[in-house]
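Worksheet: the structure to be examined is printed underneath.
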Amino acid sequence: MSLILSEQELVRRNSLAELYQLGINPYPQEAFKVDVTATQIHSEFPLKPEAFNQVSIAGRIMSRRIMGAASFMELQDSGGRIQVYFKRDDICPEEDKTLYNTVLKRLLDIGDIIGITGFVFTTQMGEITIHATSLKVLSKSLRPLPIVKEKDGVIYDAFTDAEQRYRMRYVDLIVNEGVKETFLRRTKVINSMRTFFNEKGYLEVETPILQPIPGGAAARPFITHHNALDIPLYLRVANELYLKRLIVGGFDGVYEFSKDFRNEGMDRTHNPEFTVMEIYVAYKDYLWMMDFTEEMLERVANEVTGGTSVEISGKVIDFQRPFKRISILDAIKEHTGYDVSGMNETELKDVCRKLGIETDEAMGKGKLIDEIFGGHCEHHYIQPTFITDYPVEMSPLCKRHRDNPELTERFELMINGKEIANAYTELNDPIDQRNRFEEQMMLSERGDDEAMFIDQDFLRALEYGMPPTSGMGIGIDRLVMLLTGQTSIQEVLFFPQMRPEKLRKAVSVQDFMKIGVSETWAAHVMKAGYITVESLQSEKAAVIQQKLNGYRKKNKLDIPAIQMDEIEGWLAGNTID
RNA sequence: GAUUUGUUAGCUCAGCAGGUAGAGCAUUUGCCUUUUAAGCAAAGGGUCCCGGGUUCGAAUCCCGGACAAAUCACCA
């Protein structure tokens, strides 16, 4: 962060100092009583005006319109904005008009947080407004906010730079209307699901994020190190294996909203850390889970949006039950014309070649079928659709299909061409499970770095016996995207992962004084464009002299012109402590 | 990782016939007691992302780099 402040920041710091001089603490300790919100005033004042004769409210100044002895401000609290009217003689009934003339008109800025008391009325323009009778500074803002204005529903000068919006989400939330709403909905989605599960009697649990074996999904993990144990630990890529251990332990239904971490690419649908809800229910199968998932999504959509359909990038998606169901092999047949059921690896590679899909040695049957589906079928499923009965090679934790041992009892829910949920009739045969892990190991040896590790403790748990169980995982971020009409995951995460901001090396006046620059000149040297000591020392003395004296003249500085021998002293490289 | 586009004042953006850096809002000063993206008048504010090159001269042209966005690739 540069130490060189913009003009507006300097003005605000000066205002801050003046407030202190006036005996006003711009960051007071004591609580401020808030007895009403902007939203309440807007909705209830027209019905019960007499209830708003004395209100106390706090918020951030978002606009100011000052005209002599009267001013209007827009105050923004957590729910919205309310206009405030100040009249000099009302907030300064005595002789001393400083609070109005100096504090309100000059020392307060857009972005400052204030508390006021007053009564609500309607202006001649018909806007519900608080007529303030007192004013208290609650927090002085030292940086200018982007000014976003709106008239007749048209937004002017919106704060749109995605990088700045994500890096400074706090600013985004303050100035961009609608950002808060997305995150309120996100919480509603989660609350709605949680209530649904709790009503069914399932237990919310917490399982380890730091895992010695990153199991439960085929993904590249983040690795870290535990010093005391001196072992590597992995950030979880899934919580599946732990939840199933709990089913072994005797719970009928367990679920967890889990932050998972995958060390893979980032784009508008992938963030390195993301939220998944996983639920496991004993004595159920994947057919039951399909019904359960439909019921859950229809209800969540209803509770969050007030209906079952949502619009996203021009497409209307309907969460009304029942959802379409189709097996993955039928889906491939339908969209490519190839019947890949029963094909061996060579035949599948042949199909891939004909479809223009690149293959490599590391790909087994499961991966090949996945590629065909991903490349030619997935994007067709806009309306919620269950894709079922995946090949056994693709699903090492899933039970074989009751009618065909080559397949598994698995479904993925596709919405808007993307996978949203994934569910199994869980594999509880410990012998089969061990074999499947070993097949994964072979894939790993062939070079598939996403293949799963063998979790011996998980196998031991299965050997004690797990009841027949169905489990389902759903990507919360992607679901929230659907239900808020957002097309990038960054819009539904408060703080999406960003490349670290490169901060300019902070230099201070003292750094320049160390090489002999006088205190008088040090600040000017920085303002004249030498933002590091190195940048100054790498310049020729004559150039520096010209530049500094030019700066002195331009800014009409009341100090003597700089002399050559003084500058040569700076460049000599002697440091002074 | 590839391609395309972008990076200019606090914010949104113009300027790219290479020739002294612009607008609106915001800021400062003055006027204004019910305004509405308030108004009127004046002023200040910029490493034109960074580093090289071409040129008498680069925000503008060329090369390299950083960062971002979009598309694609990768991604149970």
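A note on names: the letters A, B, ... follow the listed sequences, proteins ahead of strands, and every chain is numbered from 1. Heavy atoms only: backbone and side chains are in, while hydrogens, waters and symmetry mates are out.
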>> Between the side chains of A/D370 and A/K367, is the shortest nitrogen-to-carboxylate-oxygen separation below 4.0 Å, so that they form an ion pair?
In response: no
> How would you label the contact of A/F159 with the nucleic acid (heavy atoms, under 4.0 Å): base, sugar-phosphate, or nothing?
Replying inline: sugar-phosphate
>> Give me the distance, rounded to whole Å, that separates B/U47 from B/G6 when you measure between the P atoms they each carry.
In response: 23 Å
> Do the side chain of A/Q8 and the base of B/G10 come within less than 3.5 angstrom through a donor-acceptor pair of N or O atoms?
Replying inline: yes
>> Under 4.0 Å, counting only non-hydrogen atoms across every strand here, what does A/A238 touch: a base, just sugar-phosphate, or nothing?
In response: nothing
> Between B/G45, B/C11, B/U35, which one does the side chain of A/P146 approach most closely?
Replying inline: B/C11
> A/Y85 or A/D370: which one's nearest nucleotide on RNA chain B is closer to the 5' end?
Replying inline: A/Y85
>> Under 4.0 Å, heavy atoms only, any strand: does A/R165 hit a base, just the sugar-phosphate, or nothing?
In response: nothing
> Between A/M266 (CE) and B/A73 (P), how many Å, whole number?
Replying inline: 19 Å
> NA contact type, A/E127, heavy-atom cut-off 4.0 Å: base, sugar-phosphate, or nothing?
Replying inline: base
> Using the P atom in both, what is the distance from B/G53 to B/G30, to the nearest Å?
Replying inline: 49 Å
>> So if I take every side-chain heavy atom of A/R268 and compare against B/U29, B/C72, B/U36, which nucleotide ends up nearest?
In response: B/C72
>> Any heavy-atom pair between the side chains of A/T269 and A/I489 that's under 4.5 Å?
In response: no
> Which nucleotide in the list B/A37, B/U34, B/U27 gets nearest to the side chain of A/Q124?
Replying inline: B/U34
>> Between A/K149 and B/G24, is there a contact of a side-chain N or O with OP1 or OP2 at under 4.0 Å?
In response: no
> Which is true for A/T269 with a 4.0 Å heavy-atom rule: it touches a base, it touches only sugar-phosphate, or it touches nothing?
Replying inline: nothing
>> Rounding to an integer number of Å, can you tell me how far A/N422 CG sits from B/A76 C1'?
In response: 6 Å
> Does B/U36 have a Watson-Crick or wobble mate here (both distances under 3.5 Å), and if so which one?
Replying inline: none
> Which nucleotide, in any strand shown, forms a Watson-Crick or G-U wobble pair with B/G44, with both distances under 3.5 Å?
Replying inline: none
>> With a 4.0 Å limit, can you tell me whether A/R64 has a side-chain N or O closer than that to the phosphate oxygens OP1/OP2 of B/U27?
In response: yes
> Does B/A26 pair with anything, Watson-Crick or G-U wobble, both distances under 3.5 Å, and if so, with which nucleotide?
Replying inline: none
> Will you find, in the side chains of A/E74 and A/S63, an N or O donor that is under 3.5 Å from an N or O acceptor?
Replying inline: yes
>> Once you apply a heavy-atom cut-off of 4.0 Å, does A/R88 come out as touching a base, just sugar-phosphate, or nothing?
In response: nothing
>> When the C1' atoms of B/C31 and B/A69 are compared, how many Å lie between them, rounded to an integer?
In response: 45 Å
> Should A/L107 and A/V137 be marked as a side-chain contact (heavy atoms from CB on, under 4.5 Å) after you check the CA-CA gap, both sets of side-chain angles, and the distance that decides it?
Replying inline: CA-CA 10 Å; A/L107 303 181; A/V137 180; over 6 Å; no
> Which one is paired to B/A70, where only Watson-Crick or G-U wobble pairs with both distances under 3.5 angstrom count?
Replying inline: B/U3
>> Check this for me: does the side-chain of A/S71 come within 3.5 Å of the base of B/U35 through a donor and an acceptor?
In response: no
>> Taking any heavy-atom pair under 4.0 Å as a contact, classify A/E150: base, sugar-phosphate, or nothing.
In response: sugar-phosphate
>> Between the base of B/A76 and the side chain of A/R262, is there a donor and acceptor pair under 3.5 angstrom?
In response: yes
> If you measure only the distance, is there a donor-acceptor pair under 3.5 Å linking the side chains of A/E9 and A/S6?
Replying inline: yes
>> The side chain of A/Q83 is closest to which nucleotide in this list: B/C13, B/U36, B/U34?
In response: B/U36
>> To the nearest 0.5 Å, what is the distance between CZ on A/R106 and CD on A/E18?
In response: 4.5 Å
> With both distances under 3.5 Å as the test, what is the Watson-Crick or G-U wobble partner of B/U60?
Replying inline: none
>> My understanding is that a pair needs two contacts under 3.5 Å, Watson-Crick or G-U wobble. By that rule, which nucleotide pairs with B/A17?
In response: none
> What nucleotide among B/G24, B/C13, B/U35 has an atom nearest to a side-chain atom of A/D157?
Replying inline: B/G24
> In whole angstrom, what separates A/I357's CD1 from B/C74's P?
Replying inline: 9 Å
> Taking the side chain of A/A218 as heavy atoms from C-beta outward, which of B/A68, B/A76, B/U33 is closest to it?
Replying inline: B/A76
> Got A/E240 and A/E426 here, is their nearest side-chain heavy-atom distance under 4.5 Å?
Replying inline: yes
> Nearest-Å distance, CD1 (A/I110) to P (B/C11)?
Replying inline: 15 Å
> Taking CZ from A/F121 and P from B/U34, how many angstroms apart are they, rounded to a whole number?
Replying inline: 10 Å
> Given that A/R106 and A/E74 both sit by RNA chain B, which one's nearest nucleotide is further toward the 5' end?
Replying inline: A/R106
> Roughly how far apart are A/T122 OG1 and A/H131 NE2, rounded to 0.5 Å?
Replying inline: 13.5 Å
>> Classify A/E371 by what it touches in the nucleic acid, base, sugar-phosphate, or nothing, heavy-atom distance under 4.0 Å.
In response: sugar-phosphate
>> Can you identify which nucleotide, out of B/U27, B/U12, B/U34, has its nearest atom closest to the A/T123 side chain?
In response: B/U34
>> For a quick check, tell me whether the side chain of A/D267 and the base of B/C74 share a donor-acceptor pair closer than 3.5 Å.
In response: yes
>> By nearest atom, which of the nucleotides B/A69, B/G24, B/U33 is closest to the A/A162 side chain?
In response: B/A69
> Between B/A37, B/C11, B/A76, which one does the side chain of A/K151 approach most closely?
Replying inline: B/A37
>> Does B/U35 have its OP1 or OP2 closer than 4.0 Å to a side-chain nitrogen or oxygen of A/R65?
In response: no
> Touch check for A/L145, heavy atoms < 4.0 angstrom, all strands: base, sugar-phosphate only, or nothing?
Replying inline: nothing
>> Under a plain distance cut-off of 3.5 Å, with no hydrogens placed, do A/Y286 and A/T408 share a side-chain donor-acceptor pair?
In response: no
> Choosing from B/U35, B/A68, B/A76, which nucleotide comes nearest the side chain of A/E412?
Replying inline: B/A76
> To the nearest angstrom, how far is A/K105 atom NZ from B/U27 atom P?
Replying inline: 14 Å
>> Rounding to an integer number of angstrom, what distance separates B/C16 and B/C62 when you compare their P atoms?
In response: 15 Å
> Once you round it to whole Å, what is the distance between P of B/U71 and NE2 of A/H379?
Replying inline: 16 Å
> What integer distance in Å separates A/E163:CD from B/A70:P?
Replying inline: 12 Å
